[in-house]
Amino acid sequence: MIPFRLPFAHMVDPRIASFSADATKVLQYLQGEFGKLQTGRANAALVEHIEVEAYGQRMPLKGVASISVQDARTIVIQPWDKSVLGVVEKAILVSSMGVNPVNDGVVIRLNLPMMTEERRKELQKVVHKLAEEARISLRQHRQKAIDAIKQEKDEDVRDTLEGTLQKEVDSFNGKIDDLRSAKEEEVMKV
């Protein structure tokens with residue numbers, strides 16, 4: 001992304017730069033949340049965030065095991081320390097994944113079920129909800145930037161900054177829509 005430069009100054013306006021940084025974080029969070037959604041294909045992102053109680057503390061699964069995709073519907077989890085195999089299995093069972101882990105004493109296999117049409121429609125609603133939450137967050141960051149811009153004494157500068165901010169907002173809303181469309185297509189693909 002190209003930072004905004006005022007036509008009469010050779011520096012990036014910090015209010016616009018701050019909004020862009022916040023909006024980029026919103027997009028990254030949205031992408032991470034979309035990655036956690038099961039779309040019928042195995043993906044390490046489905047399980048890597050699951051909290052595991054190991055070594056006296058809670059850790060994400062990716063911190064105690066390697067996670068790989070064996071085929072389109074199978075995830076293989078191999079803990080680096082076999083002593084946490086049972087703990088990992090238990091964490092998966094209590095997670096909201098709805099998948100029964102298969103523990104063979106060395107690795108844990110997760111066989112993902114085929115997606116039903118009903119589940120795809122449910123996921124489509126979740127995708128819409130996550131995209132709307134991202135838009136709300138974007139609006140909050142926009143308001144924060146507008147409040148900072150209103151402190152500007154020069155009316156011409158204020159108008160220029162508000163116009164530039166709106167272009168940035170529109171750009172980020174477009175990116176949210178693109179991510180939503182791509183994820184919906186992935187969810188609905190059989």
Side-chain angles (χ1 to χ4, degrees), residues 1 20-138 140-141 172-173 175-190:
M1 175 183 326
S20 294
D22 290 341
T24 300
K25 289 177 188 170
V26 168
L27 282 179
Q28 290 170 342
Y29 177 78
L30 182 63
Q31 286 175 316
E33 291 301 301
F34 280 172
K36 294 175 187 175
L37 295 176
Q38 180 186 349
T39 58
R41 292 194 57 82
N43 181 347
L46 293 172
V47 295
E48 63 187 15
H49 65 282
I50 292 175
E51 294 277 321
V52 177
E53 187 74 41
Y55 312 115
Q57 59 186 354
R58 296 190 65 74
M59 304 170 71
L61 182 56
K62 66 182 178 182
V64 297
S66 67
I67 303 167
S68 59
V69 176
Q70 184 174 351
D71 58 42
R73 291 187 29 226
T74 307
I75 298 174
V76 178
I77 302 164
Q78 184 168 15
W80 295 310
D81 179 0
K82 286 190 172 74
S83 68
V84 298
L85 198 63
V87 177
V88 169
E89 181 180 16
K90 182 179 175 196
I92 293 167
L93 279 169
V94 298
S95 75
S96 61
M97 277 199 64
V99 176
N100 286 324
V102 178
N103 182 347
D104 68 6
V106 179
V107 298
I108 294 174
R109 283 187 176 71
L110 301 176
N111 296 311
L112 302 177
M114 289 295 290
M115 295 277 286
T116 64
E117 187 66 24
E118 181 181 320
R119 178 72 176 135
R120 289 180 197 284
K121 289 193 186 307
E122 265 178 48
L123 282 176
Q124 193 174 27
K125 288 177 186 174
V126 171
V127 168
H128 271 283
K129 180 177 172 271
L130 289 170
E132 187 55 35
E133 287 171 1
R135 281 191 207 88
I136 290 168
S137 183
L138 204 60
Q140 291 169 343
H141 291 299
F172 278 103
N173 273 325
K175 291 175 184 176
I176 289 171
D177 286 339
D178 292 345
L179 287 172
R180 180 192 49 77
S181 299
K183 192 62 180 184
E184 280 181 348
E185 189 177 310
E186 184 182 338
V187 164
M188 295 311 286
K189 190 185 301 180
V190 178

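Just so it is clear, the values below take in all heavy atoms, side chains as well, and ignore hydrogens, waters and symmetry mates.
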Problem set entry | Shortest non-hydrogen contact from Pro79 toward Ala65 | CA-CB, 3.5 Å
For this session: Could you tell me which non-hydrogen atom of Ala134 sits nearest to which non-hydrogen atom of Val26, and how far apart they are?
Result: O-CG1, 3.6 Å
For this session: To the nearest 0.5 Å, tell me how far Asp178 CG sits from Asn173 CG.
Result: 11.0 Å
Exercise. Do Leu110 and Leu46 have side-chain heavy atoms sitting under 4.5 Å apart?
Worked result: no
Problem set entry | Test applied, side chain to side chain contact (heavy atoms under 4.5 Å, CB included); reference residue, Asn103; option that passes from Leu85, Ile92, Ile77 | Leu85
Problem set entry | Point-to-point distance, once rounded to the nearest 0.5 Å, from NZ of Lys25 to CG of Leu138 | 13.5 Å
Exercise. Counting only heavy atoms not in Gln57, do more than 12 sit closer than 6.0 Å to its CD atom?
Worked result: yes
Exercise. Do you know the tightest heavy-atom contact between Ala54 and Met59?
Worked result: O-SD, 3.9 Å
For this session: Say whether, by atom type as modelled, one donor and one acceptor occur between the side chain of Asp81 and the main chain of Val84 under 3.5 angstrom.
Result: no
Exercise. Which value, rounded to the nearest 0.5 Å, describes the distance between Glu33 atom CD and His49 atom NE2?
Worked result: 8.0 Å
Problem set entry | Electrostatic pair Arg135:Glu132 at N-O distance under 4.0 angstrom | yes
Exercise. Minimum heavy-atom separation for Ile108 to Pro101, with atom names?
Worked result: CG2-CB, 3.5 Å
Problem set entry | Tyr29 atom OH, neighbour heavy-atom count above 12 within 6.0 Å | no
Exercise. For the atom pair CZ (Arg120) and CD (Glu184), what is the distance rounded to the nearest 0.5 Å?
Worked result: 13.5 Å
Exercise. Is it true that a side-chain atom of Ser181 and a backbone atom of Asp177 form a donor plus acceptor pair closer than 3.5 Å?
Worked result: yes
Exercise. Atom CG of Leu30 and atom CZ of Phe172: how far apart are they, to the nearest 0.5 Å?
Worked result: 12.5 Å
Seminar exercise, completed: Heavy-atom nearest pair, Pro60 first then Glu48, reads CB-O, 3.6 Å
Exercise. Step by step, would you call Glu117 with Met188 a side chain to side chain contact (heavy atoms under 4.5 Å, CB included)?
Worked result: CA-CA 8 Å; Glu117 187 66 24; Met188 295 311 286; 3.7 Å; yes
Exercise. So do the side chains of Leu179 and Lys175 get within less than 4.5 Å of each other, counting heavy atoms only?
Worked result: no
Seminar exercise, completed: In terms of heavy-atom contacts, Trp80 and Lys62 come closest through CH2-O, 3.4 Å
For this session: Check whether any side-chain heavy atom of Lys125 sits under 4.5 Å from a side-chain heavy atom of Lys121, and report yes or no.
Result: no
Exercise. Less than 4.5 Å apart, any side-chain heavy atom of Glu133 and any of His128?
Worked result: no
For this session: Check for a donor-acceptor pair, side chain of Arg73 on one end and backbone N or O of Leu112 on the other, with a separation under 3.5 Å.
Result: yes
For this session: Determine whether Arg109 and Val76 make a side-chain contact, defined as any pair of heavy atoms from C-beta on separated by less than 4.5 Å.
Result: yes
